[in-house]
Amino acid sequence: MKKLTILATLSILLCAATSFAQMQRQSTVIQQTVVATNLDVPWDMVYGADGWIWFTELAGNIKRMNPTTYEVQQVFTIGDVALFGFSVGLHSMVLDSDFSTSPFLYVHYANTTTTSKIVRYEYDALNNTLINPTIILGNIGAGVSHNGSRMVILDDKLFISLGDTYNTPAVAQNLTSINGKMLRMNLDGSIPADNPIPGSYVYSLGHRNPQGLCYANGKMYSSEHGTGSNDEINIIEPNRNYGWPTVEGICNTATEITFCNANNVKEPIWSWSPSIAPCGLDYYQNSAIPEWNNSLLVAVLKNKQLLQLQLSEDGTQILTQTALITNTYGRLRDVLVIPDGRVFICTSNRDYTGTPIAADDRIIELKNASLAVNQFAAESKTTLFPVPSDHILNIASDTRISFTSIVSADGKEVYAAPFSAAVDVSMLATGVYHVLLFDGEKMLVERIKILVK
């Protein structure tokens, strides 16, 4: 029996754009809008169950942006961030999967020039700040670069990608070190009993500098910096070796082939030579921009691009690469897909090697230009009410709704159909979802958050 809870209703208002451009993707026109400026090296962006986009800045700031009004709020500044080296400081962040009821936020940052740590905070919504810091994992080795990092929470387990700390590549193969690894831990920082190596955080090894991570298609995708060549996209599997520093890219030299055969090496599903410095990545599956469906979107630093990597149907291969943006906004650090199908990218031009303009750093919104926001939506009145006994979500509205979409908290569209007053949700797994309602002009009218238990 499905139990549904209506968490929040948001009527979408028409908002003025600061500046925008457009690009054509087959039949879809993508509008690009700069929605935030004067930021200081935003590193990681995540979408919260509160409906806001949260992001970190290198020097220690944690901020959030309203994706409807584009208001940016300062939430907290971490006081012991060590800012040094090649853009080392505050890096990755992840919010609890049920942030509305468990308002915990996890951050990874360097706290000295040789160590980093993962800290859990609690969000105080009344005062819009973070409280109760708890160290989840401390004394992680850090270096002037190659610290990673990205985090994902999956099935109440925290995954984090860590690099080899730049000057010590051999640690990536040393199981007594957690650097150069993908780690898996319980949310309290303890080691799960079912980890591939008993008593160890290590989930996979042989990583150089993994700076992108997302979960989709039942797979964990990671982007990783190579040296001057062989940047990689990997599918992370438990207890697999990804080769560094002996193997770069695929196993194609005599030394590499010998090592790969002896060490259970997993080859990348895509690589770039010369290097492009792929960074944050996210998965796209949404009717808003159908040409991007079943693709990884990758933010690129060195080549200053946003790439679309089209996946095979089973998600195990990359079929094609398309450059969506090149040399337009400078270095791109992260990309985020939110439930209504919009995409946000952030620049990294105020880091050690960037060339900033006066407005940097920036966040840019990409959206289907035809899915304009309904300026009369504030007048609409829509009610959702569950009938748990028969798994039906009922929708009553005084607005002429023509289309309904349901999107999971990680941005994947799980239901899309012409409007029906009764929607069968028995196929939905436990979690938070967004019900998106569109009118006859394909304008987004309302977004309503539901919790399925």
Side-chain angles (χ1 to χ4, degrees), residues 91-92 94 106 108 116 118 136-137 140-143 146-166 168-187 189-227 230-251 256 259-271 278-281 283 296 298 315-318:
H91 296 317
S92 58
V94 67
Y106 300 79
H108 173 236
S116 67
I118 303 170
I136 299 302
L137 183 61
I140 303 168
H146 297 195
N147 296 296
S149 67
R150 300 289 172 178
M151 291 190 286
V152 166
I153 291 178
L154 177 64
D155 298 330
D156 292 327
K157 299 293 184 286
L158 176 65
F159 292 78
I160 182 169
S161 60
L162 296 176
D164 66 7
T165 70
Y166 191 72
T168 56
V171 300
Q173 293 295 325
N174 183 354
L175 288 175
T176 66
S177 169
I178 59 175
N179 289 100
K181 314 293 192 303
M182 180 73 67
L183 307 184
R184 179 178 182 260
M185 67 191 72
N186 296 316
L187 296 182
S190 60
I191 298 173
D194 60 347
N195 264 13
I197 302 174
S200 172
Y201 289 109
V202 174
Y203 190 74
S204 65
L205 70 155
H207 300 287
R208 182 176 183 266
N209 189 20
Q211 287 208 12
L213 192 66
C214 74
Y215 182 80
N217 296 319
K219 298 170 181 61
M220 190 79 74
Y221 296 97
S222 173
S223 65
E224 184 165 333
H225 291 194
T227 52
N230 291 299
D231 292 341
E232 299 175 351
I233 297 292
N234 289 299
I235 295 177
I236 304 300
E237 296 179 355
N239 212 26
R240 297 301 297 271
N241 193 326
Y242 289 80
W244 176 255
T246 302
V247 180
E248 296 186 67
I250 63 172
C251 308
E256 289 179 335
F259 184 90
C260 292
N261 290 337
N263 291 279
N264 194 29
V265 168
K266 171 78 173 175
E267 293 183 310
I269 63 170
W270 194 263
S271 63
C279 203
L281 77 162
Y283 178 74
L296 296 174
V298 184
T316 62
Q317 301 176 63
I318 293 172

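Only a predicted model underlies this, so the values are computations on that prediction, with no experimental measurement involved. We're numbering straight along the sequence, starting at 1.
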Chemist: Name each donor-acceptor pair under 3.5 Å that joins a side chain in residues 192-202 to protein atoms two or more places apart or in another chain, with its distance.
Modeler:
residue : atom : partner : partner atom : Å
D194    : OD1  : R184    : NH1          : 2.9
N195    : OD1  : R184    : NH1          : 2.8
N195    : ND2  : R184    : O            : 3.0
N195    : ND2  : S200    : O            : 2.9
S200    : OG   : V202    : N            : 3.0
Y201    : OH   : G189    : O            : 2.5

Chemist: Backbone N or O of G315 within a donor-acceptor pair of the N217 side chain at under 3.5 Å?
Modeler: no

Chemist: Between H91 and H108, how do the two ring planes meet: parallel, tilted or perpendicular, split at 30° and 60°?
Modeler: tilted

Chemist: Does atom OH of Y166 have more than 12 heavy-atom neighbours, drawn from other residues, nucleotides or ligands, at distances under 6.0 Å?
Modeler: no

Chemist: With a 4.5 Å heavy-atom cut-off, do N241 and Q173 have their side chains touching?
Modeler: yes

Chemist: Specify the closest pair of heavy atoms between G141 and S116, including all atoms of both residues, with the distance to one decimal.
Modeler: O-OG, 4.1 Å

Chemist: Under 6.0 Å between ring centres: does that hold for Y221 and Y283?
Modeler: no

Chemist: Is the backbone of G212 close enough, under 3.5 Å, to the side chain of S222 for a donor and an acceptor to pair up by distance?
Modeler: yes

Chemist: Look at the side chain of E267 and the backbone N and O of C251, then say whether any donor-acceptor pair between them is shorter than 3.5 Å.
Modeler: yes

Chemist: Is the backbone of P278 close enough, under 3.5 Å, to the side chain of H225 for a donor and an acceptor to pair up by distance?
Modeler: yes

Chemist: Quick one: does any side-chain atom of K181 pair with a main-chain N or O of V171 as donor and acceptor, under 3.5 Å?
Modeler: yes

Chemist: Is it the case that the side chain of E232 and the backbone of G249 share a donor-acceptor pair, with hydrogens and angles ignored and the cut-off at 3.5 Å?
Modeler: yes

Chemist: Work out which heavy atom in T165 is nearest to a heavy atom in N179; give both atom names and the distance.
Modeler: CG2-ND2, 3.4 Å

Chemist: So which heavy atom on M220 is nearest to which on L213, and how close?
Modeler: CG-CD1, 3.6 Å

Chemist: If you take all heavy atoms of R150 and C279, which pair is closest and at what distance?
Modeler: NH2-SG, 3.5 Å

Chemist: Taking all atoms of both residues into account, what is the closest heavy-atom pair of P210 and G163, and its distance?
Modeler: CD-CA, 3.9 Å

Chemist: Taking the side chain from K266 and the backbone from G243, do they hold a donor-acceptor pair closer than 3.5 Å?
Modeler: no

Chemist: Within the supplied structure, the quantity of interest is the number of heavy atoms (other residues, nucleotides, ligands) at a distance under 6.0 Å from N264 CG; does it exceed 12?
Modeler: yes

Chemist: Quick check: closest heavy atoms across T316 and I269, and the distance to 0.1 Å?
Modeler: O-CG2, 3.3 Å

